Amino acid sequence: MSTEEKKEKKEKKVITQTEAEPPKKWVLMQGNEAVAKAALEVGLNFFAGYPITPSTEIAEILAQEMPMKNGAYIQMEDEIASICAVIGASLAGAKAMTATSGPGFSLMQEGIGFAKMTETPCVVVNVQRAGPSTGLPTKPSQGDMMQSRWGSHGDAPAIVLYPDSVRETYELTIRAFNLSEKYRTCVVLLLDEVLGHMREAVCLPDMSKFRIVNRLKPTVPPEWYKHYDEDQKYLSPLASYGEGYRFHVTGLAHDVYGFPTNKPVEIATMMKRLKKKITQNIRDIVQIEKFMMEDAKVAVFAVGILARSAKSAVLALRKEGFQVGLLRPLTIWPFPDDAVRKMLKNVDTVIVPELNQGQLVHEVERLTKDKEDSDIKKIQKANGELITPNEIYKKIKEVL
Amino acid sequence: MSGVSQKVVHQYLRHNKKFPNVWCAGCSIGIVLGSVIRAIAELQIPKDDIMMVSGIGCSSRMPVYVDFNSLHTLHGRPIPFATGIKLFKPHMKVIVITGDGDATAIGGNHFIHGARRNIDMTVIVINNNIYGMTGGQYSPTTPSGDIATTCPHGNIDPPFDICQLAIGAGASFVARTTAFHSLETQNLVKDAINHSGYSVLEVLSACPVIYGRLNKKGNASRMMEHMRDNSISIKAVDKLPAEKVENKVIRGILKQDTNMPEFTARYTQLVESLREKADKEA
Ligand SMILES: Cc1ncc(C[n+]2csc(CCOP(=O)(O)OP(=O)(O)O)c2C)c(N)n1
């Protein structure tokens, strides 16, 4: 291990282990393993999937574990079938998940749209690989950021989480389930290939630390049940098939009872609730980490594994006395507009490293109209390699 | 005639807001719906235990009209949705309503893999030899030479035989009938539901407004007569001379294998054996 890596690791500990925790057993764990283990902890009882590198370990672990824990595990004939089975099971009351990578994620888009339209909770893990097409199965890429937002046809908001460590993968998997159950939607967990495959020593969080959210169940008699009845926050109870509520679900535009409608007023109400249930709850959904941002003049804006490269660079420069910081969203959709605006207001230069040809920087640029003089510098790599701490260090040095 | 009256059928419909239905005058899908409901009523299955899943197409609009647990999914995908439900709630009686295009074109992969797994569900394929919902394009069951809006010069593709496809893929129950034979349909739906395993029931159906018109098949009643005159029951096949059987559609149960283990039962068995093993080790 290089001294730089060691340093990063040490800092990492400081960052993620902020809350005082009783000493616990450290385990060596892969990101994919963390997804599977966390999902089981949170009550996953249905998994359907189709093998694809670099996500396959998730399926393999669950195939081993789930029958014992009395959950249903099935390998479907493709990714389309997988997401459909997941949605069906969820409507029957399951906590359901599938895991895939880029090409499989593309195949799932129609189903993901269906889950959003029908407000069916489910979790989709996408361990990204480099594309386009089959691309580089075992190499990292952050190329699915836009696919996770806009991949499905139509117009519906997305919730997408993006961890930067194995331990955080564990935590965000739990959070993905909680958000999906609470907001009745498909939540995507985006992982970098390196994170999926990398083993890290982690001290797993105590499950008692987490509140486990289960979907709101209707309490009214079946005749009164409205599948899409809304309260102030646009969240409504969801019955399960086979428990006395014989409700209808369709991907067509529907009324509050779930029946197809062509009435503009009813369609507008439906579209509004799909959007508002997310936008009205942004504070609850969006998580962001500010690292040494208080007095920063230069800030790096990065996600996932690159945020770790950036952290090393920031630390090195801080030691040299420069005012640099890092802003890292853990929720990339909805995009943390407010935090990014604030960052743009307070710093002279923003550096956006990403493993693609410009998906994240696009969003940062979108918010610069408030402040023309803030400079945005890009570091982009789409060749299967990572961006090293040194490369980010050098880029920051150029602007200092 | 059936012991189940019209009144009973009405008890199974959702009257609030759902009517009139989307089907054209003379369409056979409503007749099939009647047969399905009568079969369920005769079997006295509680409404809460019935799960009706469909894909996309005219026939797939059926679940909206019936007072069951109902799910109208994506084009070609009802079987995987149904698989998720069945595997998670094996006690439910899962009925899939699908069309020829839905089941064997876009959904062909799911159709055969459901059969291979032998997962317990009743897949009712309403075969009108055309894409009705999208206005008359050819389907995998449009006979060669027939006209559709996307083969105006005549279809050059050979058609699928849906029942042979199901048998080939390993379905444990395969049957065929026509919408003209509504009582037979009702009985076959009963048999299919009672069969534990993947049951395919193909119901030939008349689409006079599109397929019939394009191919000069006459009006709805003429098309019904055609189904009557051009099909024979499998029970009669052996008793008839070969020339009477030639080119006829064979109706009835074409395959039933009650020994094939069913998927959710196999899964339950796996769970139990793992438990036993764990108990022993403990
Ligand atoms: C992914 C996708 N492709 C195409 C369509 C358009 N589409 C809707 S129904 C249909 C064909 C339906 O034909 P069939 O299954 O034979 O049912 P029918 O309408 O004749 O009952 C098609 C192609 C769609 N809805 N989704």
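Chain naming here is simple, since letters A, B, ... match the order of the sequence lines and numbering starts at 1 in each. Below, all heavy atoms of this structure are taken into account, side chains as well, without hydrogens, waters or symmetry copies. Keep in mind it's a predicted model, so treat the numbers as computed, not measured.
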Given a strict heavy-atom distance threshold of 4.5 Å, which part of N45(A) is in contact with chain B: side chain, backbone, both, or neither? both
Rounded to the nearest 0.5 Å, what separation is found between the CZ atom of F88(B) and the OG atom of S240(A)? 7.5 Å
Here the pair of heavy atoms bringing N69(B) nearest to G242(A) is OD1-N, 3.3 Å
Please round to the nearest 0.5 Å and tell me the distance separating atom CD1 of I56(B) and atom OG1 of T250(A). 6.0 Å
L270(B) versus chain A, heavy atoms under 4.5 Å apart: side chain, backbone, both or neither? side chain
Could you walk me through whether F114(A) and R77(B) pass the side-chain contact (heavy atoms from CB on, under 4.5 Å) check? CA-CA 11 Å; F114(A) 185 90; R77(B) 318 298 171 200; over 6 Å; no
Which atoms of F46(A) come close to chain B, meaning under 4.5 Å heavy atom to heavy atom: side chain ones, backbone ones, both, or neither? side chain
Tell me whether Q64(A) at atom CD has more than 12 heavy atoms from other residues, nucleotides or ligands lying less than 6.0 Å away. no
Ring center gap for F68(B) and Y241(A) short of 6.0 angstrom: no
Using heavy-atom distances under 4.5 Å, tell me whether A48(A) contacts chain B through its side chain, its backbone, both, or neither. neither
Determine whether more than 12 heavy atoms belonging to other residues, nucleotides or ligands lie under 6.0 Å from atom NZ of K217(A). yes
Do other residues, nucleotides or ligands put more than 12 heavy atoms under 6.0 Å from the CG atom of N262(A)? no
How long is the gap from CZ on R116(B) to CD on E77(A), to the nearest 0.5 Å? 7.0 Å
Is D48(B) close to R246(A) at the side-chain level, that is, under 4.5 Å between some pair of heavy atoms? yes
Heavy-atom closest pair (V64(B) atom, P260(A) atom, distance to 0.1 Å) is CG2-CD, 3.5 Å
To the closest 0.5 Å, what do you measure between NZ (K86(B)) and CD1 (I74(A))? 13.0 Å
I need the minimum non-hydrogen distance between H248(A) and L71(B), along with the two atoms involved. ND1-N, 4.4 Å
What part of D67(B) is in contact with chain A, defined as an atom under 4.5 angstrom from a non-hydrogen atom: side chain, backbone, both or neither? both
Let's test your reading of the structure: which of G84(B), P80(B), S70(B) forms the most heavy-atom pairs below 4.5 Å with chain A? S70(B)
Measure distances from K89(B) to the heavy atoms of chain A and classify the residue's part below 4.5 Å as side chain, backbone, both or neither. side chain
At a heavy-atom distance under 4.5 Å, which candidate from T73(B), I50(B), T264(B) has the highest pair count against chain A? T73(B)
Taking every heavy atom of Y267(B) against every heavy atom of M66(A), the minimum-distance pair comes out as OH-C, 4.3 Å
Based on non-hydrogen pairs under 4.5 Å, which of G251(A), G113(A), A94(A) is most in contact with chain B? A94(A)
More than 12 heavy atoms of other residues, nucleotides or ligands under 6.0 Å from NZ of K47(B): is that the case? yes
Scored by heavy-atom pairs under 4.5 Å with chain B, the best of L91(A), L252(A), T118(A), T261(A) is L252(A)
Carefully, step by step, assess V249(A) and H72(B) under the rule side-chain contact (heavy atoms from CB on, under 4.5 Å). CA-CA 6 Å; V249(A) 173; H72(B) 178 223; over 6 Å; no
Could you tell me which portion of R117(B) (side chain, backbone, both or neither) has an atom closer than 4.5 angstrom to a non-hydrogen atom of chain A? side chain
Where do L87(B) and Y73(A) come nearest, in terms of heavy atoms and distance? CD2-O, 4.4 Å
CD1 (I85(B)) and CD1 (I87(A)) are apart, to the nearest 0.5 Å, by 10.5 Å
Pairwise distance NE2(H110(B)) to CE(M76(A)) - rounded to 0.5 angstrom: 7.5 Å
Closest heavy-atom pair, L74(B) versus C84(A), reported as atoms and distance to 0.1 Å, is CD1-SG, 4.4 Å
